[in-house]
**Student:** 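Pasting a structure below so you can have a look.
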Amino acid sequence: AQKVTQAQTEISVVEKEDVTLDCVYETRDTTYYLFWYKQPPSGELVFLIRRNSFDEQNEISGRYSWNFQKSTSSFNFTITASQVVDSAVYFCALTSRGSSYKLIFGSGTRLLVRP
Amino acid sequence: DAGITQSPRYKITETGRQVTLMCHQTWSHSYMFWYRQDLGHGLRLIYYSAAADITDKGEVPDGYVVSRSKTENFPLTLESATRSQTSVYFCASSVPRDRGRSGGPGALFSYNEQFFGPGTRLTVL
């Protein structure tokens with residue numbers, strides 16, 4: 001069975017702090033894709049990153065970075081020097097052949113960045 | 001470039017009524033999806049469609065009907081709305097899968113990200 005767990009329901013930080021959002025996934029497939037989406041207070045879902053299971057290189061995009069570790073089935077997301085505009089709900093998601101290419105979402109982590 | 005749009009954005013209806021939520025995309029994406037978002041559940045897939053006239057059930061299809069007569073439209077109908085269907089509904093689309101190398105256990109498959117509409121907030125009284 002495919003499953004994504006985001007154990008942190010809510011995180012609150014002060015602006016400029018670094019914050020890491022955890023994502024743990026389960027799949028029996030060897031080929032799979034992982035995603036992060038952001039849902040700001042306005043409600044839309046914004047795609048952030050896609051990572052396939054064969055690429056374990058960590059990725060950095062500005063203040064965002066992602067740490068993919070197959071050994072621990074984790075795909076964690078770090079925001080460096082957080083800003084108020086980072087306040088949102090962040091979803092991790094998984095797809096693979098085992099899920100018939102459907103996206104399986106975690107329950108989300110609400111991040112509040114206080115000024 | 002309109003992308004993916006949903007209408008209405010807000011809807012209040014009564015138990016037992018039929019409601020149709022519209023989804024339209026201008027990208028000619030083959031795949032389209034309907035999700036519902038409820039507190040504590042994240043996003044759950046209701047139905048999806050791989051192409052026009054091809055639809056399949058997701059995780060929570062009961063009480064919903066979909067159709068896909070045209071690639072760009074994917075309406076979701078609640079045939080007899082219930083209070084438990086009060087939710088925020090998101091439509092999404094994605095480009096076709098690129099299988100890369102074909103066949104065999106080592107073959108790659110590629111799955112492109114889904115792009116989401118702005119959502120419809122539905123309240124069933």
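Note on naming: letters A, B, ... go to the chains in the order of the sequence lines (proteins, then strands), and numbering restarts at 1 for each one.
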**Student:** Excluding sequence neighbours, so at least two apart, what forms ring pair (Phe, Tyr, Trp, His ring centres under 6.0 Å) with A:Tyr90?
**Tutor:**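 With sequence neighbours excluded, A:Tyr90 shows a ring pair (Phe, Tyr, Trp, His ring centres under 6.0 Å) to A:Phe77, given in chain and number order.
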**Student:** Check the surroundings of atom CG in B:Leu39: do more than 12 heavy atoms from other residues, nucleotides or ligands lie under 6.0 Å from it?
**Tutor:**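 Open.
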**Student:** With the 4.5 Å side-chain cut-off for hydrophobic clustering, are A:Trp36 and A:Tyr64 part of the same group?
**Tutor:**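 Same cluster: A:Trp36 reaches A:Tyr64 through Ile, Leu, Val, Met, Phe, Trp or Tyr contacts under 4.5 Å.
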**Student:** Just checking B:Arg9: does its CZ atom have more than 12 heavy atoms from other residues, nucleotides or ligands closer to it than 6.0 angstrom?
**Tutor:**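 Check passes, neighbour count above 12.
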**Student:** When only pairs under 4.5 Å are counted, which of A:Gln6, A:Gln39, A:Glu44 shares the most heavy-atom pairs with chain B?
**Tutor:**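 Of the options given, most contacts go to A:Gln39.
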**Student:** Does A:Lys70 NZ have over 12 foreign heavy atoms under 6.0 Å away?
**Tutor:**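 Yes, because the 6.0 Å sphere around NZ of A:Lys70 holds more than 12 heavy atoms from other groups.
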**Student:** Is there a chain of hydrophobic side chains (I, L, V, M, F, W, Y, each step under 4.5 Å between heavy atoms) that links B:Leu122 to B:Phe90?
**Tutor:**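 In one cluster: no.
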**Student:** Counting only heavy atoms not in A:Arg51 (residues, nucleotides, ligands), do more than 12 fall under 6.0 Å from its CZ?
**Tutor:**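 More than 12 within 6.0 Å, yes.
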**Student:** I'd like to check B:Gln114 versus A:Phe47 (side-chain heavy atoms, cut-off strictly below 4.5 Å). Are they in contact?
**Tutor:**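 No, side chains not in contact.
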**Student:** Answer yes if A:Ile11 and A:Leu48 sit in the same cluster of Ile, Leu, Val, Met, Phe, Trp and Tyr residues linked by side chain heavy atoms under 4.5 Å apart, and no otherwise.
**Tutor:**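 Yes; tracing contacts between hydrophobic side chains, which count when under 4.5 Å, links both residues.
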**Student:** Below 4.5 Å from any heavy atom of chain A, which atoms of B:Leu43 appear? Answer side chain, backbone, both or neither.
**Tutor:**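 Both backbone and side chain.
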**Student:** Consider only side-chain heavy atoms of I, L, V, M, F, W and Y, link residues closer than 4.5 Å, and tell whether B:Trp34 and B:Leu45 are in one cluster.
**Tutor:**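 In one cluster: no.
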**Student:** Name, in order of residue number, those residues of residues 49-76 of chain B that have a heavy atom at a distance of less than 4.5 Å from a heavy atom in chain A; otherwise write 'none'.
**Tutor:**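 Within residues 49-76 of chain B, the residues under 4.5 Å from chain A are B:Lys57.
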**Student:** Following the transitive rule for hydrophobic clusters with a side-chain heavy-atom cut-off under 4.5 Å over Ile, Leu, Val, Met, Phe, Trp and Tyr, establish whether B:Ile46 and B:Tyr35 coincide in one cluster.
**Tutor:**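 No, because B:Ile46 and B:Tyr35 fall into different hydrophobic clusters, even though each may have its own neighbours under 4.5 Å.
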**Student:** Testing the basics here: between A:Phe35 and B:Glu113, what is the closest heavy-atom pair and its distance to 0.1 Å?
**Tutor:**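 Smallest heavy-atom distance, with atoms named: CE2-CA, 3.6 Å.
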**Student:** Please name all residues satisfying side-chain hydrogen bond (donor to acceptor under 3.5 Å, both in side chains) with A:Arg63, sequence neighbours left out, ordered by chain then number.
**Tutor:**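 Counting only residues at least two positions away or on another chain, A:Arg63 forms a side-chain hydrogen bond (donor to acceptor under 3.5 Å, both in side chains) with A:Asp86.
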**Student:** Only pairs of heavy atoms separated by less than 4.5 Å count here; which of A:Ile49, A:Thr9, A:Val4, A:Leu45 has the most with chain B?
**Tutor:**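 If we count pairs closer than 4.5 Å to chain B, A:Leu45 comes out on top.
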**Student:** Between A:Phe91 and B:Gln37, does a side-chain contact (heavy atoms from CB on, under 4.5 Å) hold up when you go through it step by step?
**Tutor:** CA-CA 12 Å; A:Phe91 291 97; B:Gln37 184 177 23; 3.2 Å; yes
**Student:** Just wondering, are more than 12 heavy atoms of other shown residues or ligands nearer than 6.0 Å to CD in B:Glu14?
**Tutor:**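 No, the 6.0 Å shell around CD holds no more than 12 heavy atoms from other groups.
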**Student:** Looking only at heavy atoms, which of residues 105-115 of chain A get nearer than 4.5 Å to chain B?
**Tutor:**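 Heavy-atom contacts from residues 105-115 of chain A to chain B are A:Phe105, A:Gly106, A:Ser107.
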